[in-house]
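One structure is given below, encoded as structure tokens.
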Amino acid sequence: MLKITNPANGQTIAELPDDDAAAIAAKYRAARAAQPGWAATPLAQRLAAIRRFREGIVRDLDKLAAVLTSEVGKPIRQSRNELAGLLGRIDFFLAETEKTLAPRDVFDESGMRERISHEPLGVIANISAWNYPYFVGANVFVPALLTGNSVLYKPSEFATLTGLEIGNLLHASGVSQDVFQVIVGAGAAGSALLAQPIDGVFFTGSYATGSKIAQAVGPRMIKLQLELGGKDPVYVCDDVDVAAAAASTADGAMYNTGQSCCSVERIYVHEKIHDAFVAAFVNEVKGYRIGDPTSEDSYIGPLTRAPQLEVLADQVADALARGAKLLTGGKRIEQPGNWFEPTVFANVNHTMKLMRDESFGPIIGIQKVAGDDEAVRLMNDTEYGLTAAVYSNDRARAERLLAQVNAGSVYWNCCDRVSPRLPWSGLGHSGIGLTLSTYGIETFTRPKAWHLRSA
Ligand code: NAD
């Protein structure tokens, strides 16, 4: 049985039977049998099913947000924001799939025609994370279904009720039970799913799990995408509006209680404005309302997973032992559930875990730098490479710096942002492959090369 716990108060919400290896094998067989029929269904019908799924999200938005908040602890406004943001992603896929899938003739001369078509991969595994279950799930299953694949979807064990809601909505929208299957369970269910003869693995989660999956799947020569963690840096130049930069980067660090793959995790500030920036940043963070995630006023909720409290406490102890200056927060909030104070450190450096290891919580280090060169060097001093941001009033300066930063996404005067129109990818321990943009539609297909001689 899988126990679902409310992270805001530690209470059990539900106990669900989880899928064992035999149940997962049966789901695989059904998905395999159904896939050719789904791929042969006219695209217009697949698009209509996803359009109905979108309508279901709009209709049930408040209920779905409440379920998400109950099991993940996301403040309710942020749960609704996630669902509202999902609509734009679905709209992008609805608008772009037909054009992206259309076969293309790329050569036609002397009776020889060359063409590229896009075939579905077949049956794919979608192993997902809990922190933005609608976003990271739909980045995979929406384009995968639109392009004619069957999907074995394993939501995180921390977002299972949401995963089951997604399944119900898709099934009610005309995607058959066999074409989209929800697998209930934790890591063991994920591993059992990978043991099936699937055609592709699309994983979102931690580097630790991603590297295990890469080892398990590598010899099979199937498509593997890993969207993993980050240690995303921001550099604040000396020419900014300090209050505006502090407000924007504090939100980037603390939104979703710091549990976003693209949360701001490290801040470098030019020495000329360092003290003013730190003061404005701490002021901003002290203004955040911590509390019951079902309340409209709450901005910081509990951590979703209890063990992360230990990770944060360890980063705090390590930073203090190495001379960091604690400006606010720094400890658990002693009440039922997984609560940690929003925490800000200055006087940090890269010997500290806080500046090297993904924190995935409401904690941030701010480091003073002498100038642009030092900032770029420090931003690139990481095993990860998901996103990076520069705040400056000078666009040319920002673009020059961002061109030197090793990251899948770069931001000027913004952060913690994802667009359906742009590819979402990372370097190094942040993963391989991509979702979103038209590349994130093509990625669920196999390009087939046609050489057609007319005589
Ligand atoms: P996780 O690695 O603990 O779990 C992810 C999924 O893998 C879960 O569904 C889990 O049940 C499953 N799993 C665990 N062990 C497995 C195994 N041996 N085989 C197969 N599946 C297994 O990650 P999480 O805590 O759910 O998510 C947080 C992490 O995800 C953070 O590092 C975050 O940065 C990252 N993330 C990345 C992105 C991105 O787009 N790059 C987006 C969201 C989250």
Side-chain angles (χ1 to χ4, degrees), residues 2 4 7 18-19 21 24 71-74 82 85 89 125-140 152-160 162-163 166 182-196 198 201-218 224-232 255-265 303-308 311 338 357-361 382-387 407-409 416-420 422-437 440:
L2 184 67
I4 314 292
D18 46 2
D19 285 309
I24 292 169
E71 64 180 340
V72 169
K74 194 185 289 263
E82 181 177 348
R89 296 195 187 192
N126 174 192
I127 301 179
S128 202
W130 48 265
N131 62 328
Y132 279 99
Y134 284 101
F135 281 163
V136 299
N139 289 355
V140 173
L152 297 167
Y153 167 61
K154 199 201 82 59
S156 164
E157 58 274 34
F158 296 98
T160 307
T162 293
I166 288 171
V182 182
I183 289 173
V184 173
S191 294
L193 170 55
L194 296 177
Q196 298 302 315
I198 45 184
V201 176
F202 294 81
F203 171 79
T204 309
S206 61
Y207 168 73
T209 310
S211 60
K212 277 191 222 158
I213 290 179
Q215 284 172 38
V217 168
L224 173 63
Q225 286 203 174
L226 303 168
E227 300 209 343
L228 310 177
K231 190 70 192 167
D232 296 1
Y255 190 83
N256 207 32
T257 315
Q259 303 170 114
S260 308
C261 53
C262 51
S263 284
V264 173
E265 289 247 343
L303 296 182
T304 303
R305 292 168 309 166
Q308 201 64 13
V311 173
N338 314 326
D357 301 340
E358 190 178 44
S359 304
F360 226 59
T382 174
E383 290 167 323
Y384 291 102
L386 194 60
T387 81
S409 295
D416 189 25
R417 179 178 194 276
V418 180
S419 162
L422 295 173
W424 184 248
S425 69
L427 306 175
H429 286 191
S430 295
I432 51 175
L434 57 81
T435 50
L436 298 175
S437 78

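Residue numbers run from 1 in the order of the sequence given. In listed order, ligands and their atoms are each counted from 1.
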- Item | ligand 1 versus F360: contacting region, heavy-atom distance under 4.0 Å | side chain
- Would you mind finding which of A192, C261, A208 brings a heavy atom closest to atom 42 (C) of ligand 1? C261
- Query: Does ligand 1 have a heavy atom under 4.0 Å from the side chain of Y132, from its backbone, from both, or from neither?
  - Reply: neither
- Query: Is there at least one pair of N or O atoms, one from K212 and one from ligand 1, spaced under 3.5 Å apart?
  - Reply: no
- Item | Contact partition for N131 relative to ligand 1, non-hydrogen atoms under 4.0 Å | side chain
- Query: Taking the inter-plane angle between the rings of F158 and W130 on a 0 to 90° scale, is it parallel (under 30°), tilted (30 to 60°) or perpendicular (over 60°)?
  - Reply: perpendicular
- Task: Applying side chain to side chain donor-acceptor pair (under 3.5 Å), name anything that partners D19, two or more places apart in sequence or on another chain.
- Result: K27
- Message: side-chain hydrogen bond (donor to acceptor under 3.5 Å, both in side chains), that's the test. Do K231 and S359 meet it? Break it down for me.
- Response: CA-CA 8 Å; K231 190 70 192 167; S359 304; 3.1 Å; yes
- In this structure, atom 27 (O) of ligand 1 is nearest to the protein heavy atom A129 CB, 3.5 Å
- Heteroatom distance test (G205, ligand 1): nitrogen or oxygen, under 3.5 angstrom: yes
- Item | Side chain K154, main chain G187, donor-acceptor under 3.5 Å | no
- Counting only N and O atoms by type, is there a donor-acceptor contact under 3.5 Å from the side chain of T304 to the main-chain atoms of V72? yes
- Heavy-atom nearest neighbour of atom 16 (C) of ligand 1 within options T209, I127, V418, I213: T209
- S206 N/O to ligand 1 N/O under 3.5 Å: yes
- Which protein heavy atom lies closest to atom 21 (N) of ligand 1, and at what distance to 0.1 Å? G190 CA, 3.5 Å
- Is the closest N or O pair between W424 and ligand 1 shorter than 3.5 Å? yes
- Message: Just verifying a value: how many Å separate Q259 CD and Q308 CD, rounded to the nearest 0.5 Å?
- Response: 7.5 Å
- Mode of T204 contact toward ligand 1 - side chain, backbone, both, neither (heavy atoms, under 4.0 Å): both
- Item | Straight-line distance of L434 CG to F202 CZ, nearest 0.5 Å | 9.5 Å
- dist I213:CD1 -> S191:OG (nearest 0.5 Å) comes out at 8.0 Å
- Item | Distance-only side-chain donor-acceptor flag, Q225 / T435, under 3.5 Å | no
- Y207, any N or O under 3.5 Å of ligand 1 N or O: no
- Nearest 0.5 Å, what's the CG-CZ distance between L228 and F203? 6.5 Å
- Item | atom 18 (N) of ligand 1 - nearest protein heavy atom and its distance | S191 OG, 3.8 Å
- Is there at least one pair of N or O atoms, one from E157 and one from ligand 1, spaced under 3.5 Å apart? yes
